[in-house]
Amino acid sequence: MARIEDSPWAVSVAQVASRAGQSKPIDATFPAPSGIGDEIVGVDEGADVQVVGSFDSIVDGLILSARINAPVHAECTRCLKPIQRDWGVNVTAFFPYEDKSAGKGGSGRNGGKAAEEEVDIVAGEDESEDTYPLLEGGSWADLEALLRDTLVEELPLQPLCKPDCKGLCSQCGIDLNEQPDHRHDVTDIRFAALEGLKARLEGNG
C-alpha cells in the first residue's frame, strides 16, 4: 500500500499538529489532479498548481488558509480567442484530526471520536463547510481532494478573455472587440437571409 507521504499532494504538518496554537507556512507546487479534464475548462492534468498560505493548529485539527493558483488555457466563449492566464482563488479548509485507534477500541488522541466526523468551524468571518482528512495521526495533510474540489467548483465553465468581451457578430462573425462600431442594418440582414434561402432552393433543385 502506498504511503501517504509519497502522494504528490501530501504535506507534512507533524510539528503543527502536535502543538495547539502553532502555525506552519506552505508554499508548494502540486500537479493538477487526474480525471478533471471533463469537469473543468482550461487546466491540463499535471499542470503546476501553486498553494501559498499556512496551516494553523486548533484543538480538533488544522485550518488551512491559502491561495490556490493555476494556469488556465482555454477559449473565450464569446470571441473564441485563446486564453492563457493565471487563475487564483482564496480557500479556507479544515483538516480534522483522524483517530487511527478509534475503530480498534482505543481512545486515541481524540478520545474515541469517529474518524469521519465532520466539524464545522468559523475561520475569520467565513464559516468553512469543507472538511478533509488529516492522515497518519495528524502527520500528513493530503491536498488532492481540496485541489480537485477547488478546481471543479471555482473555475469558470464559460471563461471570457476579459469581463467586457463583446464577442462575435451573430450575422457575419466579425470580432466586435476589434470593431465595436460594426453594425448590420435591417436591409443587410434580410438580404443575407434571402440569399441563403435562394442557395438552399437551388441546391434542392
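Since we're looking at a predicted model, the values are computed, not measured.
- Hydrophobic clustering, defined by side-chain heavy atoms of Ile, Leu, Val, Met, Phe, Trp and Tyr closer than 4.5 Å, groups Leu168 together with Leu80.
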Using side-chain contact (heavy atoms from CB on, under 4.5 Å), reason through Ser12 and Lys24 one step at a time and then give a plain yes or no.
CA-CA 10 Å; Ser12 172; Lys24 177 184 179 179; 4.3 Å; yes
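- Interatomic distance, OG of Ser65 versus CZ of Phe94, reported as 12.0 Å (0.5 Å rounding).
- Between Trp9 and Leu147, the closest side-chain pair of non-hydrogen atoms falls below 4.5 Å.
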Could you give me the CA-CA distance, side-chain angles and deciding distance for Val13 and Ser139, then say whether side-chain contact (heavy atoms from CB on, under 4.5 Å) is met?
CA-CA 5 Å; Val13 291; Ser139 298; over 6 Å; no
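- Taking 4.5 Å as the limit, every side-chain heavy atom of Glu75 sits out of range of all side-chain heavy atoms of Pro82.
- Rounding to the nearest 0.5 Å places NE2 of His182 at 10.5 Å from CG of Asp175.
- Contact record, Ala70 with Leu151: CB-CD2, 4.1 Å, taken as the closest heavy-atom pair.
- Looking only at distances, no side-chain donor or acceptor of Arg85 sits under 3.5 Å from a matching main-chain atom of His73.
- Between Ala10 and Trp140, the closest heavy-atom pair is CB-CE3, 3.9 Å.
- Partner of Tyr132 under the side-chain contact (heavy atoms from CB on, under 4.5 Å) criterion, out of Asp142, Leu62, Leu143, Asp149: Asp149 alone.
- A donor atom on one side chain and an acceptor atom on the other are found under 3.5 Å apart for Ser23 and Asp56.
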Evaluate Arg67 against Val51 for side-chain contact (heavy atoms from CB on, under 4.5 Å), listing each step before the verdict.
CA-CA 6 Å; Arg67 183 167 182 82; Val51 180; over 6 Å; no
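- Of the inter-residue distances, the one linking Ser54 atom OG with Ile63 atom CD1 reads 9.5 Å to the nearest 0.5 angstrom.
- Closest approach of Ile83 to Cys161, counting heavy atoms only: CD1-N, 3.6 Å.
- When all heavy atoms of Arg148 and Ser34 are compared, the closest pair comes out as NH1-O, 2.8 Å.
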Quick one, Trp87 with Val49, criterion side-chain contact (heavy atoms from CB on, under 4.5 Å). Give me CA distance, side-chain angles, the key distance, then yes/no.
CA-CA 10 Å; Trp87 163 90; Val49 179; over 6 Å; no
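- Looking only at distances, no side-chain donor or acceptor of Arg78 sits under 3.5 Å from a matching main-chain atom of Lys166.
- In this view, Glu154 satisfies the salt bridge (Lys or Arg N to Asp or Glu O under 4.0 Å) rule with no residue, not counting sequence neighbours.
- For Gly167 against Asn177, the heavy-atom pair with the smallest separation is N-ND2, 3.7 Å.
- Within the structure, ring-ring contact (aromatic ring centres under 6.0 Å, His included) pairs that include any residue of residues 44-66 comprise Phe55-Phe95 (at least two apart or interchain).
- Each of Asn69, Val52, Asp48 was compared with Thr29 under the side-chain contact (heavy atoms from CB on, under 4.5 Å) criterion, and only Asp48 meets it.
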Could you give me the CA-CA distance, side-chain angles and deciding distance for Glu178 and Lys81, then say whether salt bridge (charged side-chain N to carboxylate O under 4.0 Å, His left out) is met?
CA-CA 12 Å; Glu178 298 177 356; Lys81 289 182 178 179; 3.5 Å; yes
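- Looking at heavy atoms from C-beta onward, Ile26 lies in side-chain contact with Leu64 at the 4.5 angstrom threshold.
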